[in-house]
Number of protein chains: 2
Amino acid sequence: MTNGHKQLLTIKQVAEATKLSVHTLRYYERIGLIHPIERADNSHRRYTHEDIGWIDFLLKLRATGMPIHEMQVYAELQREGDHTLPQRVEMLKRLQHDLEARIDDLNEHLKLIRYKVSFYSEVIAVNTEKELV
Amino acid sequence: MTNGHKQLLTIKQVAEATKLSVHTLRYYERIGLIHPIERADNSHRRYTHEDIGWIDFLLKLRATGMPIHEMQVYAELQREGDHTLPQRVEMLKRLQHDLEARIDDLNEHLKLIRYKVSFYSEVIAVNTEKELV
DNA sequence: GCTTGACTTAGAGCACGCTCTAACTTGTAG
DNA sequence: CTACAAGTTAGAGCGTGCTCTAAGTCAAGC
């Protein structure tokens, strides 16, 4: 540690750490995906490591395809405190089931694509042979 | 068969069969995802069963998350004829690998969600017990 | 004192993938 | 003859999720 305070990060550092742009970080805060970030005296944002943890989790929700509106609901419940835990668990359960269903669908589509790739590859191979004869 | 021609379908029937709206069917044709559909004397579209087959395939590509621009390229290659088969196979191979990677990612996210669900469920269960004591 | 650069805000703009509207034609039923 | 249903086109509009711009503040270095 270089000083006695907890390590606070600038928006640029958080952008680098999370791979979000500074624009997107401010946007997420504006729409309530991220709680209002603490400010330094000059009104610049100062992020904590807990903030980064939350953002990382958000990015995981996003990667599952959860729409922003739903993430907003989740974030709001989180801010309301521990008594909303059951509702958040319900949301996560629904997400889990959605995700399972979507993965199953994608696996079905993957099967079809694999089949087409091998079938068409065979067609190409046969045609190439003919040309060689 | 009610007549000697191949069975042709109206746009409405195709919309019902594919679950696309008539708007979307026309839109897909306009942007080249679907080749120009044959017309009846009154200029109404008449779809063949092969057209439906192509649309079903398109919907599968769409369901894999392939962007419209790429589907346009694929559709154009298809229209150019058999000699583009190798290029189409390359596209499908890339899609296959993408899909495999995305499914892996989703499975990772699913693990996390499952973990959170069971962890938080446990927290709730413990708190509920305490209340009962 | 002046420039540079990192930050701030409010709000405009954009890419994607539809989705709908307006105005019109055509065929069928009463 | 009229009304209605189903189709047509060109083009406008919309929801999502960013992404960028303009105008300004502020601190540090020359």
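Chain A is the first sequence line, chain B the second, and so forth, proteins listed ahead of strands; every chain is numbered from 1.
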- Task: Rounded off to whole Å, could you give me the NZ-to-P distance for the B:K19 and C:dC18 pair?
- Result: 17 Å

- From CD of A:Q72 across to C1' of D:dG17 the rounded distance in Å is 11 Å

- Message: Given A:L33, which partner from the list A:W54, A:Y27, A:Y28, A:Y74 fulfils the side chain to side chain contact (heavy atoms under 4.5 Å, CB included) test?
- Response: A:Y28

- Task: Specify the separation, in whole Å, of atom NZ of B:K12 and atom P of D:dA6.
- Result: 4 Å

- Taking all atoms of both residues into account, what is the closest heavy-atom pair of B:I34 and B:R79, and its distance? C-NH1, 4.2 Å

- Task: Indicate, with a heavy-atom threshold strictly under 4.0 Å, whether B:T10 touches base, sugar-phosphate, or nothing.
- Result: sugar-phosphate

- Item | Value in whole Å for how far the C1' atom of D:dG7 lies from CG of B:L9 | 15 Å

- Message: From C-beta outward on A:R39, which listed nucleotide comes closest to its side chain: C:dT19, D:dT19, C:dT8?
- Response: C:dT8

- Task: Measure from NZ or CZ of A:K93 to the centre of the six-membered ring of B:Y120, then state whether that distance is under 6.0 Å and the direction lies within 45° of the axis.
- Result: no

- Looking only at atom types and distance, does a side-chain atom of A:S21 sit under 3.5 Å from a main-chain N or O of A:T24, one as donor and one as acceptor? yes

- Query: In terms of the nearest nucleotide of DNA chain C, which residue is placed more toward the 5' end: A:R30 or A:N42?
  - Reply: A:N42

- Message: Tell me the interatomic distance from B:I31, atom CD1, to D:dA10, atom P, rounded to whole angstroms.
- Response: 15 Å

- Indicate yes or no: does B:K60 engage A:E108 in a salt bridge with an N to O separation below 4.0 Å. no

- Item | Separation of atom CE in A:M66 from atom C1' in D:dC18, rounded to whole Å | 19 Å

- Grab the CD1-P distance between A:I68 and D:dT19 for me, whole Å please. 10 Å

- side-chain N/O B:R45 vs D:dT8 OP1/OP2, d < 4.0 Å: yes

- Message: I want to verify a distance call: between C:dT8, D:dT19, C:dC18, whose nearest atom is closest to the B:T24 side chain?
- Response: C:dC18

- Nearest to the side chain of A:Y28, which nucleotide is it out of D:dC18, C:dT8, D:dT8? D:dC18

- Where each residue is assigned the nucleotide of DNA chain D containing its nearest heavy atom, which of B:S43 and A:R62 is assigned the position nearer the 5′ end? B:S43

- Side-chain contact check for A:R26: nearest option of C:dC7, D:dG17, D:dT8 is C:dC7

- Could you check how far CG of B:D41 sits from C1' of D:dT8, rounded to whole Å? 15 Å

